[in-house]
Amino acid sequence: MLFSRLPWLNCFKGRRDSSEELLPLNECINKEPVILNVYDLFNINEFAVPLGLGIFHTGIQVYDIEYTYGGHSYANSGIFEMLPRTAEHELGQHFHYRESIQLGYTQFSRDEVHRIVEQLGWQFTGNSYHLTSNNCNHFSDTMSRILCGQQIPKWINRLAYFIGCVPFLQR
């Protein structure tokens, strides 16, 4: 009907349903930033990054907690929490904070994020960590897609992708 397409003629539509007066869902709920923290692994990135390659570690920061993934020899979750931008302190001297990238916002609550991390722990187990096909960057990308529908920048995992495409390098 023509009247429904013209907002200033809403009076011709008759009585308004109370649900029409509600704000859209994304305007009603607080939005929490989803941040990707990027770390250089080793000093080689000083030379590799200008060539479009690099070795990076990443974590997703949401609600003042950074979630990241690492390997170990057990079949339980390899996902762990740490204070944001502290990988050098938490993981060792080869991890140097590079930058933070805001990927978007999530409407999931803190408790829902914890449940998502628990569920992802079944996919990202310590003994399934693989340098080129299931690493911290794959975890960060998966978590970001769930939380805010955005993927991480492609340059972050470009070297792992390149190595995965060349069989003798993967060995």
Non-neighbouring partners of Ser100 that pass side chain to side chain contact (heavy atoms under 4.5 Å, CB included), sequence neighbours left out: Ile35, Asn37, Arg85, Tyr97
What is the minimum heavy-atom distance between Tyr67 and Met143, and which atoms define it? CD1-CE, 3.6 Å
Please report the interatomic distance CZ(Arg158) to CG(Asn137), rounded to the nearest 0.5 Å. 12.5 Å
Which heavy atom of Phe108 sits nearest to which heavy atom of Ile146, and what is that distance? CE1-O, 3.4 Å
Short side-chain donor-acceptor distance under 3.5 Å, His89 and Thr86: no
Looking only at atom types and distance, does a side-chain atom of Asn157 sit under 3.5 Å from a main-chain N or O of Ala160, one as donor and one as acceptor? no
d(Cys136 SG, Ile79 CD1) to nearest 0.5 Å is 12.0 Å
Kindly list each side-chain donor-acceptor pair under 3.5 angstrom involving residues 114-127, sequence neighbours excluded, with atom names and distances?
from   : atom 1 : to     : atom 2 : distance (Å)
Thr125 : OG1    : Asn127 : OD1    : 2.9
Thr125 : OG1    : Ser128 : N      : 3.4
Thr125 : OG1    : Ser128 : OG     : 2.9

Just jot down the side chain to side chain contact (heavy atoms under 4.5 Å, CB included) partners of Tyr63, sequence neighbours excluded, or say none. Glu32, Arg110, Val113
Have His57 and Thr68 got a donor and an acceptor in their side chains that come within less than 3.5 Å? yes
Interatomic distance, Glu66 atom CD to Gln61 atom CD [nearest 0.5 angstrom]: 6.5 Å
Is there a path from Leu41 to Ile152 through hydrophobic residues (I, L, V, M, F, W, Y) whose side chains come within less than 4.5 Å of each other? no
Does the pair Leu83 and Asp64 meet the rule for a side chain to side chain contact (heavy atoms under 4.5 Å, CB included), with working shown? CA-CA 7 Å; Leu83 293 173; Asp64 297 320; over 6 Å; no
Main-chain N/O of Leu147 paired to Thr106 side chain as donor or acceptor, under 3.5 Å: yes
Is it true that a side-chain atom of Asn134 and a backbone atom of His130 form a donor plus acceptor pair closer than 3.5 Å? no
Closest heavy-atom pair, Glu99 versus Ile101, reported as atoms and distance to 0.1 Å, is OE1-CG1, 3.7 Å
Non-hydrogen atoms of Asn76 and His72 that approach each other most closely: OD1-CE1, 3.0 Å
Only pairs at least two apart or in different chains count here, so list each salt bridge (Lys or Arg N to Asp or Glu O under 4.0 Å) that has a residue in residues 128-157. Asp141-Arg145
As an exercise, state the distance from CD of Gln151 to OG of Ser144, rounded to the nearest 0.5 Å. 8.5 Å
When every non-hydrogen atom of Tyr39 is compared with those of Ala87, the smallest separation belongs to CE2-CB, 3.3 Å
Does the side chain of Leu36 come within less than 4.5 Å of Ile156's, by heavy atoms? yes
Give a yes or no answer on whether the side chain of Tyr69 reaches the backbone of Tyr129 with a donor-acceptor pair at less than 3.5 Å. yes
Indicate the atoms forming the closest heavy-atom contact of Gln102 with Pro33, along with that distance. NE2-CB, 4.0 Å
Please tell me whether Leu131 and Phe95 are part of a single hydrophobic cluster in this structure, the criterion being side-chain heavy atoms less than 4.5 Å apart. no
Contacts of Ser140 that satisfy side-chain hydrogen bond (donor to acceptor under 3.5 Å, both in side chains) - sequence neighbours left out: Thr58
Enumerate donor-acceptor pairs with a distance under 3.5 Å from any side-chain N or O in residues 42-55 to protein atoms, sequence neighbours excluded.
from  : atom 1 : to    : atom 2 : distance (Å)
Asn45 : OD1    : Ile55 : N      : 2.8
Asn45 : ND2    : Asp40 : OD1    : 2.8
Asn45 : ND2    : Ile55 : O      : 2.7

